[in-house]
Amino acid sequence: MTNKKLSPATLCIKAGWEPSKGEPRQVPIYQSTTFKYETSEQMADLFDLKAAGYFYTRLQNPTNDSVAAKIAALEGGSSAMLTSSGQAASFFAVLNLCQAGDHFVSASTIYGGTFNLFAITLKKMGIDCTFVDADASEEEIGAAFRPNTKLLFGETLTNPAVNVLDIEKFARIAHSHGVPLIVDNTFPTPINCRPFEWGADIVTHATTKYMDGHSTSVGGAIVDSGNFDWAAHADKFPGMTEPDESYHGLAYAQAFGKNAFITKATVQLMRDLGSIPSPFNSYLLNVGLESLQARVERHCANAQVMAEYLSQCPEVAWIKFPGLPGDKYHDLAQKQFTKGRSSGVMCFGIKGGRERSIKFMDSLKLINIVTHVADAASCVLHPASHTHRQLTDEQLIAAGVQPDLIRFSVGLENTDDLIADMEQAFASIK
Ligand code: PLP
């Protein structure tokens, strides 16, 4: 199938699995830990990476690979892998390029879990991260780079502040320092934004969110554009260009070309750290992906209605949603996102501050309080008390989280019903 000619709505359904005569229409679930061979030599060739094939699901599984291929096609990448969570995807994407003694630069406005991973856990492993204001100038961000800096990281649409990342600017900064740009594209999904077209090199996802879309399965994905020239920066990336002793001296960039990054992450990191999703979860993810285009369009249309409603409410102190013409990121969203659509997520504060915001949330009846976004069911969360509660006040502000901030993820319900729920909640806090 020539994916390049197909539109995203078609790729959502067709990419990754092409049944031939008599084969199942739906991706089969290969619920097997292992795979049988006829000779010991056949298996030995797989271990030596001389032949491609499956031998143990901790590294690769056909169901997972079909779904990863669909996500690669949607992003316009050369290859992809699935992970058991979005956290594992962020972790692997960084660890595939950094080791103890290395450094990387990240936007400070990122998901709280990713911030914690970068600031605390990776630091314990000897990998240092400098956080920068994503809206700072190229010179200011460039000043954070060191000789041992290996990558630049950002979120295309930040959780929870819904700031839009200027991907072209970030790509320019990364490339002028000889390192790749990795972006987390969870919130816009490839339906609204294809970061490779703006210069990003590697994309990560929490597939847990819109890609799954129905709150069924935690999962992640890493997609490589295949565009970064590892050999041109061999001094910085010996892991990509020098022989790997654990694979008989094989060098990934030379042996696997555009698939080098994903191959290395699979055969080293998956092999050793084992964060593979269950094939059943990947099957559920694929069912979600089939309707991704239709759902994302509806999430965004509903969100536009709700943002316009909230921006008129006298009880609302402030609202952030890139779809509103007055929003700081409106113009960038118009440029970078398909039809200017960002996602179904927005954030706002209620007049009277933190306590009243919490009281308002507690008064909602139809809209759920859950630790989630991007679900078919609308939901709210108070990041300062929930997802970001491990951050200090200073870190909260740097992550774009005000204490009264309510994160609102608009689902697929009828917006009249959602507005009625908000109206009764506003009435109950009067
Ligand atoms: N990236 C973003 C933007 C997220 O919102 C999340 C989770 O909310 C993650 C990564 C982590 O994903 P997971 O919860 O699947 O580990």
Side-chain angles (χ1 to χ4, degrees), residues 15-16 57-61 63-98 104 106 110-111 113-114 117-118 122 127 150-156 167 170-171 174 179-190 193-196 199-212 217-228 230 237 239-240 252-253 256-278 281-282 285-286 289:
T57 286
R58 169 154 45 75
L59 284 97
Q60 273 183 289
N61 172 283
T63 310
N64 296 346
D65 283 357
S66 292
V67 183
K70 177 174 285 187
I71 295 173
L74 282 166
E75 285 288 7
S78 61
S79 52
M81 69 194 286
L82 299 187
T83 57
S84 56
S85 66
Q87 282 299 103
S90 307
F91 179 44
F92 279 22
V94 173
L95 199 60
N96 212 28
L97 298 178
C98 293
F104 68 104
S106 171
I110 50 174
Y111 166 59
T114 315
L117 167 69
F118 290 178
L122 286 178
I127 299 169
K150 298 298 164 79
L151 63 99
L152 178 61
F153 186 95
E155 266 171 31
T156 51
I167 306 173
F170 258 51
V179 303
L181 171 62
I182 303 182
V183 294
D184 180 333
N185 197 32
T186 297
F187 271 31
T189 81
C193 178
R194 303 221 311 166
F196 298 150
D201 300 287
I202 289 150
V203 159
T204 60
H205 280 281
T207 60
T208 319
K209 308 302 171 189
Y210 286 112
M211 286 195 171
D212 171 288
S217 316
V218 172
I222 307 174
V223 190
D224 183 17
S225 64
N227 292 338
F228 193 81
W230 306 107
F237 303 106
M240 298 296 295
Y252 296 98
F256 297 103
K258 283 183 174 292
N259 298 328
F261 186 85
I262 295 295
T263 305
K264 177 173 177 290
T266 302
V267 304
Q268 281 184 344
L269 301 180
M270 269 306 173
R271 177 195 64 184
D272 296 350
L273 301 172
S275 306
I276 202 86
S278 132
N281 279 11
S282 300
L285 168 59
N286 189 55
L289 284 168

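We use all heavy atoms of the structure for the numbers below, so side chains are in, but hydrogens, waters and symmetry mates are not. For clarity, every value in this text was computed on a predicted model and none was experimentally measured.
Thr204 contributes no side-chain N or O that, together with a main-chain N or O of Ala221, makes up a donor-acceptor pair within less than 3.5 Å. Counting only distance, with no hydrogens or angles, the side chain of Arg194 and the backbone of Leu74 share a donor-acceptor pair below 3.5 Å. A donor-acceptor pair is defined here as one N or O able to donate and one able to accept, closer than 3.5 Å; such a pair exists between the side chain of Thr207 and the backbone of Gly219. Proximity of a side-chain donor or acceptor of Ser275 to a complementary backbone N or O of Ala88 within less than 3.5 Å is not detected. The backbone N or O of Ser217 lies less than 3.5 Å from no partner atom in the side chain of Asn281, so there is not a single donor-acceptor pair. Using modelled atom types, one side-chain atom of Lys264 and one backbone atom of Asn96 make a donor-acceptor pair closer than 3.5 Å.
The shortest heavy-atom contact between Asn64 and Ser278 is OD1-O, 4.0 Å. When all heavy atoms of Asn185 and Pro195 are compared, the closest pair comes out as ND2-CD, 3.4 Å. The two residues Arg58 and Gly274 come nearest to each other via the heavy atoms CD-CA, 3.7 Å. Residues Gly199 and Ala171 share a closest heavy-atom pair of O-CB, 3.5 Å. Summarising the geometry of Arg271 relative to Val267, their closest heavy-atom pair is CB-O, 3.1 Å, with the distance given to 0.1 Å. Between Val179 and Lys150, the closest heavy-atom pair is CB-O, 3.5 Å.
The shortest side-chain heavy-atom distance between Val223 and Phe196 falls under the 4.5 Å cut-off. Phe261 is not listed as a side-chain neighbour of Asp201, based on a closest heavy-atom distance of 4.5 Å or more. For the pair Asp224 and Lys258, the minimum side-chain heavy-atom distance is 4.5 Å or more. Contact check for Leu122 versus Phe91: side-chain heavy atoms found under the 4.5 Å cut-off. The shortest side-chain heavy-atom distance between Leu151 and Ile202 does not fall under the 4.5 Å cut-off. You'll find the side chain of Ile167 reaches within 4.5 Å of the side chain of Cys193, heavy atoms only. The shortest side-chain heavy-atom distance between Ile276 and Leu82 does not fall under the 4.5 Å cut-off. Within the 4.5 Å cutoff, the side chain of Leu273 has heavy atoms near those of the Phe92 side chain.
From Gln60, atom CD reaches atom CG of Asp65 across 4.5 Å, with rounding to the nearest 0.5 Å. Residue Ile222 holds its CD1 atom at 11.0 Å from CG of Asp184, rounded to the nearest 0.5 Å. For the atom pair NZ of Lys70 and CE of Met211, the computed distance is 11.0 Å after rounding to the nearest 0.5 Å. Remark: Met270 CE to Asn61 CG distance equals 11.0 Å, nearest 0.5 Å. Between atom OH of residue Tyr210 and atom NE2 of residue His205 there is a gap of 13.0 Å, rounded to the nearest 0.5 Å. The CE atom of Met81 sits 7.0 Å away from the CG atom of Leu269 when rounded to the nearest 0.5 Å.
Sorted by first and then second residue, the side-chain hydrogen bond (donor to acceptor under 3.5 Å, both in side chains) pairs with a member in residues 79-93 read Ser79-Asn259; sequence neighbours excluded.
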Test side-chain contact (heavy atoms from CB on, under 4.5 Å) on Phe118 and Ile110 and set out the steps. CA-CA 10 Å; Phe118 290 178; Ile110 50 174; 3.9 Å; yes
Stepwise side-chain contact (heavy atoms from CB on, under 4.5 Å) test for Thr186 and Tyr111: CA-CA 10 Å; Thr186 297; Tyr111 166 59; over 6 Å; no
Could you walk me through whether Val183 and Phe170 pass side-chain contact (heavy atoms from CB on, under 4.5 Å), step by step? CA-CA 10 Å; Val183 294; Phe170 258 51; 5.9 Å; no
Phe228 vs Phe237, test: side-chain contact (heavy atoms from CB on, under 4.5 Å). Steps then yes/no. CA-CA 11 Å; Phe228 193 81; Phe237 303 106; 3.7 Å; yes
